[in-house]
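Down below is the structure, laid out as structure tokens.
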There are 2 protein chains.
Amino acid sequence: MLLDAISKAGTIALGGHVRPDGDCAGSCMGLYNYVRENFPEKEIDVYLEELPNTLKFMKNTDKIRHEVTEEKTYDLFIALDCGDMGRLGFSAVLFKKAAVRFCVDHHVSNQSFADQNYIMPDASSTSELIYDLLDYGKMSVETAECLYTGMVHDTGVFRYSCTHPSTMRAAAALMEKGIDFTKIITETFDEKTYAQNQVLGRALLESFLFMDGRCIVSYVTKEEMDFYQVKAKHLDGIVSQLKLTKGIDVAIFMYELEHGTFKVSLRSSEKIDVSVVASYFGGGGHARAAGFSMTATPHDIINNLARRLELQFNSGSEAE
Amino acid sequence: MLLDAISKAGTIALGGHVRPDGDCAGSCMGLYNYVRENFPEKEIDVYLEELPNTLKFMKNTDKIRHEVTEEKTYDLFIALDCGDMGRLGFSAVLFKKAAVRFCVDHHVSNQSFADQNYIMPDASSTSELIYDLLDYGKMSVETAECLYTGMVHDTGVFRYSCTHPSTMRAAAALMEKGIDFTKIITETFDEKTYAQNQVLGRALLESFLFMDGRCIVSYVTKEEMDFYQVKAKHLDGIVSQLKLTKGIDVAIFMYELEHGTFKVSLRSSEKIDVSVVASYFGGGGHARAAGFSMTATPHDIINNLARRLELQFNSGSEAE
């Protein structure tokens, strides 16, 4: 169906969600490369915000358009990995005007906002959906690299429960294209800078357990971030590392956005729904991963959090 | 061929290598459970040293024999994940006496020391080889859990270059048996105790770069290990985390075995053969993972290491 829509269009635009991650970039660039390689007569443009440097190894990322220079009307706009039109960001203006709007996504919140929708909330990643929709025999190694990257990022390297046997088999087929999968995982997913490792180390060392060891918390101040010369995006993964602590149900990581205001990230086991807690403080998210911002000292935040977490623990209701 | 040997034997013993890891335990327990479930008339015993607690979730690990109480002559002894007879440890005495000796292994150093050998040096794991040799239709979910665990451990969760498309497809098939793969990865591979995270944090925070940022080193003393109440086995993974530092070619982690003597672990990129360096100091290992022990202060060790590493860097020869 996607290939059918592509074959009928003369001009095609692709767009993904704001602050593109591995799956968003992988699905967009995988499809972009596939169309350029197999439909050389089509005019195709890809619209995405600036990618993290680690994802720029993907073929043709230098051709990504970071702004809309001309409000042209494309025959087909394909929105990828994007749950609603707002998440498209700067390219939404092109989406609205396009003759045919197509959406491929795996977010459970997706309300089928396009004309044609291929939404599989259970899928590992949008990249796996794109893999399914394209003709395997016509995928180049460069396209395979993009799709494999997206699958790796949204499955936490084949470990999250969204990973299905189909995901493993798709990865196997992409590996057979000759991609350097070890390098992709290391350089786009695992690798950290020396400063990132220092901050991770500090966060682990200064973490402490509370509520009888069911919760773990750590934080870094703005001053510390400046000292190590790291920004918010460099702190990815710290809350996940805390979450791996044996025996805990909730991991909390906070960093100072600006003087006195902290961004708080929560991760939980199936026993606790942290989205309820985050909502109480004006934030949001999912049952097992949620967050909010608060202007207070770290200890005030922890004390407030502890009360709300206690209610969740006592409610005894399992998170979905 | 393995099933053929099993069907001909009345009494069977299984043995793996000393200090059993995930693949050794997974392949032994996977095969053990398979035989018990499908050949109830056979007498089968499994001989292994004490398993790490995290691996004891596997079915029938309470039946493992940790010593040889009777030097009986089995019809068939199957050595798994074991490169030579010495590595069998305490069960070698039973291997020697068995009427038929069979070996399934993926170590490149294996010299086919049994009567019948199924040695595939390129395979991800002995568990994948066992998966290949058994009848998929007759594997229980408990057998699948064991084999999946072994594959996950020896591939670093499907990321090392020993991971093949066949590995991914075998994992997919094992997932279809209904295993809780997320729980297996978390609880046997990812999870760390609070104390382990503290020591990891400290090692990262106190790490430093040398040789123009091409090497990273960190160490913990006996006193620190006592303070955190961790033993050598709890330090697994620290050198791997150091190795993930962007831009480095060699990661070094040392811990104090006893007063003044350090165990030194080396990990390297393909640019450096650390086995040469380790051999120089009386140790050994592989091109990208090697180690040795030395009685000296950490700074003496680093200075000595730096000289040998410099020779390796200057030799310009790529490690195999």
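What you see is a predicted model, and the numbers here were worked out from it, not measured in a lab. Each chain gets a letter, A, B and so on, in the order its sequence line appears, and its residues count up from 1.
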Between chain B and chain A, which donor-acceptor atom pairs come closer than 3.5 Å, counting both backbone and side-chain atoms?
{"unit_1": "A:R159", "atom_1": "O", "unit_2": "B:T182", "atom_2": "OG1", "d": "2.8"}
{"unit_1": "A:R159", "atom_1": "NE", "unit_2": "B:D190", "atom_2": "OD2", "d": "2.8"}
{"unit_1": "A:R159", "atom_1": "NH2", "unit_2": "B:D190", "atom_2": "OD1", "d": "2.8"}
{"unit_1": "A:R159", "atom_1": "NH2", "unit_2": "B:D190", "atom_2": "OD2", "d": "3.3"}
{"unit_1": "A:S161", "atom_1": "N", "unit_2": "B:T182", "atom_2": "OG1", "d": "3.4"}
{"unit_1": "A:R169", "atom_1": "NH1", "unit_2": "B:E176", "atom_2": "OE2", "d": "2.9"}
{"unit_1": "A:R169", "atom_1": "NH2", "unit_2": "B:E176", "atom_2": "OE1", "d": "3.0"}
{"unit_1": "A:E176", "atom_1": "OE1", "unit_2": "B:R169", "atom_2": "NH2", "d": "3.0"}
{"unit_1": "A:E176", "atom_1": "OE2", "unit_2": "B:R169", "atom_2": "NH1", "d": "2.9"}
{"unit_1": "A:T182", "atom_1": "OG1", "unit_2": "B:R159", "atom_2": "O", "d": "2.8"}
{"unit_1": "A:T182", "atom_1": "OG1", "unit_2": "B:S161", "atom_2": "N", "d": "3.4"}
{"unit_1": "A:D190", "atom_1": "OD1", "unit_2": "B:R159", "atom_2": "NH2", "d": "2.8"}
{"unit_1": "A:D190", "atom_1": "OD2", "unit_2": "B:R159", "atom_2": "NE", "d": "2.8"}
{"unit_1": "A:D190", "atom_1": "OD2", "unit_2": "B:R159", "atom_2": "NH2", "d": "3.3"}
{"unit_1": "A:K192", "atom_1": "N", "unit_2": "B:L244", "atom_2": "O", "d": "3.1"}
{"unit_1": "A:K192", "atom_1": "O", "unit_2": "B:K246", "atom_2": "N", "d": "2.7"}
{"unit_1": "A:Y194", "atom_1": "OH", "unit_2": "B:S207", "atom_2": "O", "d": "2.6"}
{"unit_1": "A:N197", "atom_1": "OD1", "unit_2": "B:Q241", "atom_2": "NE2", "d": "3.2"}
{"unit_1": "A:N197", "atom_1": "ND2", "unit_2": "B:T245", "atom_2": "OG1", "d": "3.1"}
{"unit_1": "A:Q198", "atom_1": "OE1", "unit_2": "B:S207", "atom_2": "OG", "d": "3.2"}
{"unit_1": "A:Q198", "atom_1": "NE2", "unit_2": "B:L205", "atom_2": "O", "d": "3.1"}
{"unit_1": "A:L205", "atom_1": "O", "unit_2": "B:Q198", "atom_2": "NE2", "d": "3.1"}
{"unit_1": "A:S207", "atom_1": "O", "unit_2": "B:Y194", "atom_2": "OH", "d": "2.6"}
{"unit_1": "A:S207", "atom_1": "OG", "unit_2": "B:Q198", "atom_2": "OE1", "d": "3.2"}
{"unit_1": "A:Q241", "atom_1": "NE2", "unit_2": "B:N197", "atom_2": "OD1", "d": "3.3"}
{"unit_1": "A:L244", "atom_1": "O", "unit_2": "B:K192", "atom_2": "N", "d": "3.1"}
{"unit_1": "A:T245", "atom_1": "OG1", "unit_2": "B:N197", "atom_2": "ND2", "d": "3.1"}
{"unit_1": "A:K246", "atom_1": "N", "unit_2": "B:K192", "atom_2": "O", "d": "2.7"}

- Task: Could you walk me through whether A:F208 and A:I302 pass the side chain to side chain contact (heavy atoms under 4.5 Å, CB included) test, one step at a time?
- Result: CA-CA 11 Å; A:F208 55 91; A:I302 294 164; 3.6 Å; yes

[X] versus [Y]: any side-chain heavy-atom pair under 4.5 Å?
X: A:F313; Y: A:C215; answer: yes
X: A:V199; Y: A:M225; answer: no
X: A:V264; Y: A:I252; answer: yes

- Check the pair A:L235, A:F253 against side chain to side chain contact (heavy atoms under 4.5 Å, CB included), reporting the backbone distance first and the verdict last. CA-CA 10 Å; A:L235 306 176; A:F253 178 66; 4.1 Å; yes

- Message: So which residue, B:I184, B:V152, B:I185, ends up with the most heavy-atom pairs under 4.5 Å with chain A?
- Response: B:I185

- If you tally heavy-atom pairs under 4.5 Å against chain A, which of B:A203, B:A171, B:P165 wins? B:P165

- Query: Minimum heavy-atom separation for A:I248 to A:G213, with atom names?
  - Reply: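 So the minimum-distance heavy-atom pair works out to CG2-O, 3.4 Å.
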
- Counting only heavy atoms closer than 4.5 Å, note whether A:L174 contacts chain B via side chain, backbone, both or neither.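 Neither; nothing under 4.5 Å.
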
- Message: Is A:A173 in contact with chain B via its backbone, its side chain, both, or neither, using a 4.5 Å heavy-atom distance?
- Response: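 Both backbone and side chain.
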
- Query: Quick one: CZ on B:F189 to CG on B:L55, what's the gap to the nearest 0.5 Å?
  - Reply: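 Taking CZ in B:F189 and CG in B:L55, the distance rounds to 11.5 Å.
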
- Note on the structure: Between the CG atom in A:L266 and the CG atom in A:L305, the distance rounded to the nearest 0.5 Å is 6.0 Å

- Query: For chain B, which of A:I216, A:L242, A:L209, A:V157 has the most heavy-atom pairs under 4.5 Å?
  - Reply: A:L209

